[in-house]
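Sending over a structure as structure tokens; questions will come in a sec.
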Number of protein chains: 2
Amino acid sequence: MPRDGTITRTTIMDSAQSLILGQGFSATSVDKVIEQAGITKGAFFHHFKTKADLALALVERYANLDQAHLDMNLVRAEELARDPLQQMLIFIGLLKEEMAGLTEPFPGCLYASFCYEAQLFDDNTHTVIQNMMLEWRRRLSSKFVDIIDLYPPKLDIAPESLADMALVIYEGAFILSKTLKEPVTTAEQLGHYRNYVELLFETPAE
Amino acid sequence: MPRDGTITRTTIMDSAQSLILGQGFSATSVDKVIEQAGITKGAFFHHFKTKADLALALVERYANLDQAHLDMNLVRAEELARDPLQQMLIFIGLLKEEMAGLTEPFPGCLYASFCYEAQLFDDNTHTVIQNMMLEWRRRLSSKFVDIIDLYPPKLDIAPESLADMALVIYEGAFILSKTLKEPVTTAEQLGHYRNYVELLFETPAE
DNA sequence: TTAAACATACCGACTAGTTGGTTTGTTTAA
DNA sequence: TTAAACAAACCAACTAGTCGGTATGTTTAA
């Protein structure tokens, strides 16, 4: 077996990601990454053709984890209930519980980090992020379409924008949580999202 | 009095801010700023002792505008209604209408931009941002306390986290809007926030 | 079995250009 | 005349990326 470079590659990516979430991509120099990773420039540019290539690899890995995370929680919710509204409420509850136990703010989202340095990245990198945001929209709005069918909502709402709200809450809560150093914010805000869905579709007591 | 440098200073800050919202603070070199502003390095470092000094000046100006914006819309809402719930719904409606007419995504929020490059800035800069976030929380949660007094909410909620939701929606919606290049997102999401408040406190039909 | 040929992983000095910041001097208006 | 407002040349440190070389394996053919 050849020397396994996947460990080195993973170490580089882990180091880079934690640096990027703290100081942004631009300020995360290759020198800082290799120092953090404990390797050399030769090793870095063996694994990544350019620094932009690292950025792409990072968002691809992040999006893959995000996809798996989305799939897993949707499947779990669908296993725990048959009714689409119950599934959605359970799904949001699962997301909330993940964030509820944090003792320090979530380190942040790579999508948001790259969003405010967007002009530094190429189209491939942007597309990966856009597609993953659209995937959240597709998956959740499809569920909301089923819900609207069964439970006439109290207000006229578009399922896509209701689906978007999940990511909106995540991204916004991360920013407040990081800035104010309050770990509970994200779980609290996901709780409001769940409340909103509940109130929108609940059948009035008769 | 010698030449009036306030125009130059403003031009520098405007150029810097638009560059920062597109590519982040770190990638926004002083050279790029002075090129965009059409001035020289001498002028730049006459007005700002360091690049970090520019960052502080930018967030201070941004926070002052934010404060005025918050004040103005709260006053307008209080002029248009006496009931605190109606005031809050009008207030959110005013924010929504500001965003509803955009033909391209809002350029973004300086708080969020700095949040993901946080380690580059000093405590003064952070404090300005934190104080403005806490100001939003104070002002809106005070209103929500009044609302809760008058309209027993359907669910048990903390007024602070309900107040935080305004900024959360803003910051999150900006990120989706910028990434997906969809200008309507922010107004849509503020609409959901208004819906949520409405549903939480509405008096059930009898 | 063995050794030559090859492939991958990695090292670290080097380069051309950029970075924030300084220095020295000039222009402008009161 | 004076002091703020600006210009332009300059600097040391840092930037991403290159390149020749080495170390450690795998494959192939006799």
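Letters go in sequence order (proteins before strands), and every chain restarts at 1. The structure displayed is predicted, hence computed values, not measured ones.
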Parallel, tilted or perpendicular: ring planes of A:His192 versus B:Tyr196, cut at 30 and 60 degrees
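Geometry flag for B:Tyr196 against A:His192: perpendicular rings.
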Give, ordered by number, those residues of residues 52-62 of chain A having at least one heavy-atom distance below 4.0 Å to an atom of DNA chain D; if nothing qualifies, reply none.
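Under 4.0 Å from DNA chain D: no residue of residues 52-62 of chain A.
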When the distance from NE2 of A:His47 to P of D:dT18 is rounded to whole Å, what number comes out?
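My rounded result for the distance is 16 Å.
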CG of B:Asp31 versus C1' of D:dC10: gap in Å, rounded?
13 Å
Identified pairing partner of D:dA30, criterion: Watson-Crick or G-U wobble below 3.5 Å:
C:dT1
side-chain hydrogen bond (donor to acceptor under 3.5 Å, both in side chains): which pairs involve residues 167-177 of chain A, sequence neighbours left out?
none
Which pairs pass ring pair (Phe, Tyr, Trp, His ring centres under 6.0 Å) with one or both residues in residues 54-105 of chain B, sequence neighbours excluded?
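Pairs touching residues 54-105 of chain B that pass the test: B:Tyr62-B:Tyr111.
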For residues 77-103 of chain B, the salt bridge (charged side-chain N to carboxylate O under 4.0 Å, His left out) pairs (sequence neighbours left out) are B:Glu78-B:Lys143
Going by heavy atoms closer than 4.0 Å, what residues in residues 113-121 of chain A are next to DNA chain D?
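Residues of residues 113-121 of chain A under 4.0 Å from DNA chain D: none.
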Give the table of side-chain donor-acceptor pairs shorter than 3.5 Å for residues 13-22 of chain A, with sequence neighbours excluded, one pair per line with atom names and distance.
from: A:Asp14; atom 1: OD1; to: A:Arg61; atom 2: NH1; distance (Å): 2.8
from: A:Asp14; atom 1: OD1; to: A:Arg61; atom 2: NH2; distance (Å): 3.0
from: A:Ser15; atom 1: OG; to: A:Thr11; atom 2: O; distance (Å): 2.8
from: A:Gln17; atom 1: OE1; to: A:Arg61; atom 2: NH2; distance (Å): 3.4
from: A:Ser18; atom 1: OG; to: A:Ser15; atom 2: O; distance (Å): 3.3

Would you please name every residue forming a side-chain hydrogen bond (donor to acceptor under 3.5 Å, both in side chains) with B:Asp122, sequence neighbours left out?
B:Thr125
Measuring centre to centre across the rings, with the benzene-like ring taken for any Trp, is A:Phe106 within less than 6.0 Å of A:Phe174?
yes
List in chain and number order the residues that pass salt bridge (Lys or Arg N to Asp or Glu O under 4.0 Å) with B:Arg139, two or more places apart in sequence or in another chain; answer none if no residue qualifies.
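Checked B:Arg139 against salt bridge (Lys or Arg N to Asp or Glu O under 4.0 Å); matches are B:Asp71, B:Glu135.
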Output yes when at least one side-chain N/O atom of A:Thr8 is less than 4.0 Å from OP1 or OP2 of C:dC10, else no.
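Yes.
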Residues in salt bridge (Lys or Arg N to Asp or Glu O under 4.0 Å) contact with A:Arg137, at least two apart in sequence or another chain:
A:Asp164, B:Glu182
Starting from P on D:dG25, measure out to CD1 on A:Ile7 and report it in whole angstrom.
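For the pair A:Ile7 CD1 and D:dG25 P, the rounded distance is 13 Å.
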Out of D:dA16, D:dG17, C:dG21, which has the shortest distance to the side chain of B:Lys51?
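Output: C:dG21.
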Rounding to a whole Å, what distance do you find between A:Lys32:NZ and D:dG17:P?
16 Å
Please list, chain by chain and in numerical order, all residues satisfying salt bridge (Lys or Arg N to Asp or Glu O under 4.0 Å) with B:Lys51, sequence neighbours excluded.
none
Under the salt bridge (Lys or Arg N to Asp or Glu O under 4.0 Å) test, residues paired with B:Lys41 that sit two or more places apart:
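For B:Lys41, the residues satisfying salt bridge (Lys or Arg N to Asp or Glu O under 4.0 Å) (neighbours in sequence not counted) are B:Asp31.
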Which residues, if any, of residues 33-46 of chain B bring a heavy atom under 4.0 Å of DNA chain C?
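Contacting residues: B:Lys41, B:Phe45.
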